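To start, the structure under review is shown below, and the notes come after it.
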Amino acid sequence: MIQFEKIKLKNNLTLIIHQDKSTPMACVNILYNVGARDEDESKTGFAHLFEHLMFGGSINIPNYDEPLQLVGGENNAFTTNDITNYYCTVPSENLETAFWLESDRMLSLAFTDKSLEVQRSVVIEEFKQRYLNQPYGDVWLLLRPLAYKVHPYKWSTIGKEISHIENAVMGDVKAFFKEHYCPANAILVVAGDVERENVIALAEKWFEPIAAGVATVRNLPKEPQQTEERTLTVHRDVPQNAIYKAYHMCARVDEEYHTVDIMSDILSRGNSSRLYKELVKDKKLFSDLNAYVMGDFDNGLFVISGKLSDGVTVKQAEQGIEVELQKIKTEAIPADELQKCKNKTESTIIFSEADVLNKATNLAISELLGDANLINEETEKYQQVTAEGVKKVANKILQKENCSTLYYLKK
């Protein structure tokens, strides 16, 4: 059970404090309720561009990294389609340095042409290296718009195309910052070797003077139900043929989410899982094969992806997958197989909670999903999953007409 206290500052910033005396470190985690889904379709990649810009210096602190390194701290950030998350860890006696740094860039980034130019170049280079010039790198640039026709999940966090970043102008960048990077749209979690009164005092000193701004209110288009099978075939300079199958599923907060997640584990978690045992080890149709949920906040995707073994046809590989999916839809899952998956999930959750940074991030995400205490309910929700429930979601989700398939073939 993770103990925490939640406080609202006068400017609507949500503050969560978690004390963990087992570590000499303190973690300051700021989650902004903005992701790629909040972008204009003609100006994508902005949330991710901002992740980079936030390290380009603020009004009072030209170099973000230097003061942090001087006090033995480290930092990073990540952007998804749903959120942008910044974090830094410092020895607990240097906690105020983290407050100073994080509050200053929330208050006012240094919007200079030079900073924009530098970070834009970094992001464009990342786009080329990771998504265009790497084997299988453009999979999600192809699969997302195949699976989504209306919802903004149809583009990746990096953006729809390089030109959107190349053409980003200062006015657009400032407007995006003003709209989303404010106390009312953020959750601040302070975790580790900290004292409650000190954290509150520091939050009031460094964050409370910042103008509240307005919390993001979303009115995103709902993805209509997919009613026919979609396929796309591409030929690329890659070593092996690959298949990616994306099925529409529920959102992260829906009741059946944990059941779908357990279903993915039954199919592909570990060497005793069904897809590995049958299709990789025994039948040797694939060299690797995975099933996983994307964990999206809105209605997301259940994905099966694998690289085919040499000499195996796409038809053979797909038939192999279909046989296994048919089993999970028609046969009851043995109690011991189900319990084994639940136990693995529980141990993963417990293990992740040994790390103060993980706890801080998960508290912030849980709060954004509706209540920070969801972090304490995860294990129980997985333990409540039933064999009948898995069969039910399998029949609901794993239908051909609910699937978008990308055939990624070598030239």
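These numbers come from a predicted model, not from an experiment.
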Are [X] and [Y] within salt-bridge range, i.e. N to O under 4.0 Å?
X	Y	answer
E126	R130	yes
R120	E166	no
R236	D138	yes
E324	K329	no
E117	K114	no
E378	R252	yes
K381	E377	yes
D265	K344	no
K149	E223	no

Distance (rounded to the nearest 0.5 Å) between [X] [atom1] and [Y] [atom2]:
X	Y	atom1	atom2	answer
L107	I210	CG	CD1	5.0 Å
L301	Y153	CG	OH	9.5 Å
N402	Q226	CG	CD	6.0 Å
S273	E337	OG	CD	9.0 Å
L325	L398	CG	CG	5.0 Å
I17	I7	CD1	CD1	4.0 Å

With a 3.5 Å cut-off and no angle check, do the side chains of T44 and H164 form a donor-acceptor pair?
->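 Side-chain D/A pair, T44 to H164: present.
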Of all the heavy-atom pairs spanning [X] and [Y], show the shortest one and how long it is.
X	Y	value
M25	T89	CE-C, 4.3 Å
A98	C88	CB-SG, 3.6 Å
F177	M54	CE1-SD, 4.1 Å
L53	L116	CD2-CA, 4.0 Å
A317	I243	CB-CD1, 4.0 Å
L406	L146	N-CD2, 4.5 Å

Test N373 against F4 for side-chain contact (heavy atoms from CB on, under 4.5 Å), laying out the working first.
-> CA-CA 9 Å; N373 197 51; F4 64 88; 3.9 Å; yes
Please assess Y131 against L141 for the test side-chain contact (heavy atoms from CB on, under 4.5 Å), listing each intermediate value before the final yes or no.
-> CA-CA 8 Å; Y131 296 85; L141 300 181; 4.0 Å; yes
In this structure, which one of I16, N29, V28 forms a side chain to side chain contact (heavy atoms under 4.5 Å, CB included) with L188?
->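 Going through I16, N29, V28 one by one, the side chain to side chain contact (heavy atoms under 4.5 Å, CB included) with L188 is satisfied by V28 alone.
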Sole residue of W206, Y181, F207 in side chain to side chain contact (heavy atoms under 4.5 Å, CB included) with M106 =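 Of all the options given, the one that passes is F207.
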Looking at Y64, is R105 sitting on its ring face, NZ or CZ under 6.0 Å from the six-membered ring centre and within 45 degrees of the normal?
->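 Geometry flag: set, cation within 6.0 Å and 45°.
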Axial cation check for F297 ring with R218, 6.0 Å and 45° limits =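 That pair does not qualify as a cation-pi contact.
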All salt bridge (Lys or Arg N to Asp or Glu O under 4.0 Å) counterparts of K307, not counting sequence neighbours |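 Counting only residues at least two positions away or on another chain, K307 forms no salt bridge (Lys or Arg N to Asp or Glu O under 4.0 Å).
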By salt bridge (Lys or Arg N to Asp or Glu O under 4.0 Å), which residues pair with E204, not counting sequence neighbours?
->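 Listed in chain order: nothing, the list is empty.
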I would like to know whether K160 and E41 meet salt bridge (charged side-chain N to carboxylate O under 4.0 Å, His left out); could you show each step before the answer?
-> CA-CA 8 Å; K160 225 176 174 179; E41 192 169 348; 2.5 Å; yes
Below 4.5 Å, heavy atoms only, C-beta onward: do [X] and [Y] meet side chain to side chain?
X	Y	result
L202	L95	yes
Q326	E331	no
V280	D288	no

Set of residues satisfying side-chain hydrogen bond (donor to acceptor under 3.5 Å, both in side chains) with respect to [X], sequence neighbours excluded:
X	answer
T14	K8
Q240	S287
D20	S22, K359

Using modelled atom types only, decide if a donor and an acceptor are shared between the side chain of [X] and the backbone of [Y] within a distance under 3.5 Å.
X	Y	answer
D355	S352	no
N185	T216	yes
S366	D371	no
S92	P24	yes
D104	S58	no

Begin from the C-alpha positions of W155 and E161 and carry the test side-chain hydrogen bond (donor to acceptor under 3.5 Å, both in side chains) through to its verdict.
-> CA-CA 9 Å; W155 58 84; E161 51 189 74; over 6 Å; no
Donor-acceptor pairs are to be reported for all side-chain atoms of residues 67-77 against protein atoms at under 3.5 Å, with residues two or more places apart or in another chain.
| unit_1 | atom_1 | unit_2 | atom_2 | d |
| --- | --- | --- | --- | --- |
| N75 | ND2 | D65 | OD1 | 3.0 |

Identify which one of T348, D261, N290 satisfies the side-chain hydrogen bond (donor to acceptor under 3.5 Å, both in side chains) criterion when paired with R269.
->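 The residue from T348, D261, N290 that satisfies side-chain hydrogen bond (donor to acceptor under 3.5 Å, both in side chains) with R269 turns out to be T348.
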Under the criterion side-chain hydrogen bond (donor to acceptor under 3.5 Å, both in side chains), which of R230, K245, K400, E229 is the partner of T405?
->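 For T405, the side-chain hydrogen bond (donor to acceptor under 3.5 Å, both in side chains) check succeeds only for K245.
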Parallel, tilted or perpendicular, as decided by the 30° and 60° cut-offs, for the rings of Y32 and Y86 =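 Correct class here is perpendicular.
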Give the ring-plane orientation class for Y408 versus Y244, where under 30° counts as parallel, over 60° as perpendicular and anything between as tilted.
->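 Geometry flag for Y244 against Y408: perpendicular rings.
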Intermediate values then yes/no, side-chain hydrogen bond (donor to acceptor under 3.5 Å, both in side chains), T79 and E51 | CA-CA 7 Å; T79 311; E51 180 199 311; 2.6 Å; yes
Checking side-chain contact (heavy atoms from CB on, under 4.5 Å) for the pair D40/F46: CA distance, chi angles, key distance, verdict?
-> CA-CA 9 Å; D40 179 325; F46 269 54; over 6 Å; no
Derivation and outcome, side-chain hydrogen bond (donor to acceptor under 3.5 Å, both in side chains), residues D298 and H151 | CA-CA 9 Å; D298 292 333; H151 192 283; 2.9 Å; yes
Ring center gap for Y148 and H248 short of 6.0 angstrom =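 Ring centres of H248 and Y148 closer than 6.0 Å.
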